[in-house]
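Values below: every heavy atom of this structure, side chains too, minus hydrogens, waters and symmetry copies.
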Amino acid sequence: MKEKDIAPAFAALGHEARLRIYRQLVKAGDGGLNIGDIGRLIGLPASTLAHHLGALVQAGLVHQEKNGREVLNRADYDVMRRVVEFMTDECCIGVDLADDNETDSAREELSTAG
């Protein structure tokens, strides 16, 4: 995955309420949670909760399934794993500064700013 592919997930999780919602859905497991249960756990009004769930759905982190009047929300664990894998894929492999033109440009900007 590339940064542009994963950035929407990080943007969605960058809000405290959405992060709390998502963590509750991860805790709930495959059974998921309906909107009312999430609202009670998080303490958010339904309209605010719907807004935040919409952002999580749009980012691909949450799937919603309508069952009559109830909307069941589940974390998409495949997407969650890809996000975590993206962050840890190159962990501790080192950085080659000699071949990175962007890093050289950034280093020049820092030296002229200071």
Undergrad: Kindly write out the residues that satisfy side chain to side chain contact (heavy atoms under 4.5 Å, CB included) with Ala7, not counting sequence neighbours, or none if the list is empty.
TA: none
Undergrad: Return the set of residues passing side chain to side chain contact (heavy atoms under 4.5 Å, CB included) with Arg20 (not counting sequence neighbours), or none when no residue passes.
TA: Glu16, Ile42
Undergrad: Go through the structure and list residues passing side chain to side chain contact (heavy atoms under 4.5 Å, CB included) with Arg40, not counting sequence neighbours.
TA: Asp37
Undergrad: With sequence neighbours excluded, give me every salt bridge (Lys or Arg N to Asp or Glu O under 4.0 Å) pair touching residues 23-34.
TA: none
Undergrad: Donor-acceptor pairs are to be reported for all side-chain atoms of residues 43-55 against protein atoms at under 3.5 Å, with residues two or more places apart or in another chain.
TA:
residue	atom	partner	partner atom	Å
His52	ND1	Arg18	NH1	3.1

Undergrad: Sequence neighbours excluded, which residues qualify as side chain to side chain contact (heavy atoms under 4.5 Å, CB included) partners of Val79?
TA: Leu61, Asp76, Arg82, Val83
Undergrad: Which residue pairs satisfy the ring-ring contact (aromatic ring centres under 6.0 Å, His included) criterion with at least one member in residues 55-81, sequence neighbours excluded?
TA: none
Undergrad: Would you mind writing out the side-chain donor-acceptor pairs for residues 85-95 within the sub-3.5 Å range, not counting sequence neighbours?
TA:
residue	atom	partner	partner atom	Å
Thr88	OG1	Val84	O	3.0

Undergrad: Would you call Leu41 and Ile21 a side-chain contact if the rule is heavy atoms closer than 4.5 Å?
TA: no
Undergrad: Can you tell me which residue pairs pass the salt bridge (Lys or Arg N to Asp or Glu O under 4.0 Å) test with a partner in residues 51-72, sequence neighbours excluded?
TA: Glu65-Arg74
Undergrad: Please, which pairs that meet salt bridge (Lys or Arg N to Asp or Glu O under 4.0 Å) have at least one residue in residues 46-64, sequence neighbours excluded?
TA: none
Undergrad: Quick check for you: to the nearest 0.5 Å, what is the distance between Leu56 atom CG and Gln58 atom CD?
TA: 10.5 Å
Undergrad: Ignoring hydrogens, what is the shortest heavy-atom contact between Pro8 and Ala59? Give both atom names and the distance.
TA: O-CB, 3.5 Å
Undergrad: Is any side-chain heavy atom of Asn67 less than 4.5 Å from a side-chain heavy atom of Leu72?
TA: no
Undergrad: With distance as the sole test, does Asn73 use its side chain to make a donor-acceptor pair with the main-chain N or O of Leu33 at under 3.5 Å?
TA: yes
Undergrad: Not counting sequence neighbours, list each pair that qualifies as a ring-ring contact (aromatic ring centres under 6.0 Å, His included) and has a residue in residues 19-38.
TA: none
